Amino acid sequence: MCILLAYNIVSVFYAVKAMSTQSNDSVRPIRWQDTELLLLDQRYLPQRQEWLRLSTAPAVAQAIKDLVIRGAPAIGITAAWGLVLSLMQHRNVVEAEQRSRIAEDIKVLAAARPTAVNLVWALERVSRSLQAGRDIDAVIKEAVLISERIQLDDVAANYRMGELGAEFIKPGSVVLTHCNAGSLATGGYGTALGVIRKAWSDGLIDKVYACETRPWLQGTRLTAWELQQDGIPVTLITDSAAAWLMTQKQVDWVITGADRVASNGDVANKIGTRNLAGLCQLHTTQMMVVAPLSTIDPHTSSGAEIEIEQRQGEELTKIGDWDINAGHMHVWNPVFDLTPADWVDVLVTEKGALTAPGSSSIVRLFEA
Ligand code: MRU
């Protein structure tokens, strides 16, 4: 019996190890534990790996605002669990009061960040369990199942997009990525980094460059860290070195994720993505955007309708605790920008990869 148990433990260990070395996939930022949500706190990476424990929806909303967790799909998954926490917290309140408290929590969660459409998408999905008059325990049970499904489906979509995107990468390719569209921005494996992981493990990539991604340094702190966790070497550049990089080295692909894709294919993503897409127009580099269907917003007809989040000026004027705003200057800090659809060579989703994406090919994706 003991020998059998030891054998099982050892074989599970090797199966997990083999899986993670084959797929270069070891980081998971979101954990649900019975009545608590655990988030790997991205404010402290790469120095410290600290998990934040949350048990109420407003605390989850605050964590999303504060960038404890970030990246569109990860924000969606987190919001789904936030709604589960709201249902649990208000389980024993009388029905009318219960409904208004849950509605208030949904409002607070939905307002946490405006650009990533996965947030509202996930809340709408979990809200399907909330029919009036239903037993609250049954509602909670279903909400937990939906949230688990959202999280698992996200990882599966990333694996699929990894395969579809890697088909475009020729052996010996050099790629550049921006921000963090990896495991830390999703349920796991990543969107843009999913393609890079897959192409790397297939031996197709010679070199990965990452932009530091001012001002919050998602590239330096998160992308570099998570690729290193998985043994994928990465070379960091300043955001402003991208144009020079493209003239000095052959960069075959810029590969990014997206926070929201309009139904005509316009892409809202981390500030600086538009610069890179524009540079691709001037060089031989191609632009690949990798995003699951949950990031495509059928209710937004073009990028012009997407709200671009503005964040506090301190993100630019402070380096850690060091205040570099000597003259109390004004700051403009939009954290996303828009890339027009016709600057995107390939849009990869879990339902298929679109070359030259546009309204009609996107509609067909949803119908497939
Ligand atoms: O402000 P963030 O860190 O939440 O922004 C995230 C991004 O813009 C990522 O690049 C990303 O593509 C979206 S998530 C896969």
Side-chain angles (χ1 to χ4, degrees), residues 27 29-30 39-43 45 61 63-79 112-119 121-122 151 154-155 157-159 161-162 165 176-197 210-227 239 254-261 266-277 287-297 303 306-312 315-316 333-339 344 347-350:
V27 176
I30 303 166
L39 299 176
L40 180 56
D41 198 327
Q42 299 186 24
R43 294 171 300 181
L45 287 173
I64 294 172
K65 261 188 202 155
D66 293 344
L67 309 182
V68 169
I69 186 93
R70 27 66 49 207
I75 291 171
I77 296 163
T78 303
R113 290 194 74 191
T115 307
V117 71
N118 303 59
L119 173 57
W121 173 88
Q151 190 162 345
D154 183 63
V155 180
N158 292 338
Y159 267 87
M161 291 189 291
L176 169 64
T177 190
H178 187 59
C179 192
N180 172 265
S183 297
L184 291 166
T186 62
Y189 199 63
T191 53
L193 291 194
V195 171
I196 291 174
R197 280 189 163 89
C211 290
E212 58 174 353
T213 318
R214 286 284 296 154
W216 212 67
L217 301 176
Q218 284 93 334
T220 315
R221 300 192 307 103
L222 309 179
T223 293
W225 177 78
E226 78 163 75
L227 289 180
D239 300 339
V254 167
I255 307 180
T256 72
D259 280 73
R260 188 185 300 222
V261 179
D266 290 349
V267 173
N269 195 50
K270 179 54 54 194
I271 190 81
T273 303
R274 184 185 174 92
N275 303 22
L276 296 172
M287 178 78 195
M288 182 188 292
V289 174
V290 189
L293 287 196
S294 54
T295 302
I296 300 180
D297 183 359
I306 300 176
E307 181 180 348
I308 299 294
E309 180 182 1
Q310 299 278 334
R311 290 184 67 87
Q312 58 275 29
E315 288 185 353
L316 274 77
N333 185 22
V335 295
F336 299 102
D337 61 23
L338 291 170
T339 297
V344 176
L347 171 65
V348 180
T349 76
E350 72 274 35

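In this chain, residues are counted from 1 in sequence order. Predicted, not measured: the structure shown is a model, and the values here were computed from it. Order of listing sets the numbers, starting from 1, for every ligand and every atom in it.
Using a 4.0 Å heavy-atom criterion, the residues that approach ligand 1 are Arg70, Gly71, Ala72, Pro73, Arg113, Cys179, Asn180, Ala181, Ala185, Thr191, Gln218, Gly257, Ala258, Asp259, Asn269, Lys270, Phe336.
When each of Glu309, Glu315, Arg311 is checked for a side-chain hydrogen bond (donor to acceptor under 3.5 Å, both in side chains) with Asn333, only Glu315 meets the rule. Evaluated for a side-chain hydrogen bond (donor to acceptor under 3.5 Å, both in side chains) with Asn180, the options Gln42, Arg221, Glu226 yield exactly one hit, Glu226.
The pair Arg260-Asp297 meets the salt-bridge criterion, since a charged nitrogen lies less than 4.0 angstrom from a carboxylate oxygen.
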### Query
Should Lys270 and Thr256 be marked as a side-chain contact (heavy atoms from CB on, under 4.5 Å) after you check the CA-CA gap, both sets of side-chain angles, and the distance that decides it?
CA-CA 9 Å; Lys270 179 54 54 194; Thr256 72; over 6 Å; no
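Counting heavy atoms from C-beta outward, Phe336 and Ile306 have side chains that stay 4.5 Å or more apart.
The salt bridge (charged side-chain N to carboxylate O under 4.0 Å, His left out) test applied to Asp41 returns Arg43, not counting sequence neighbours.
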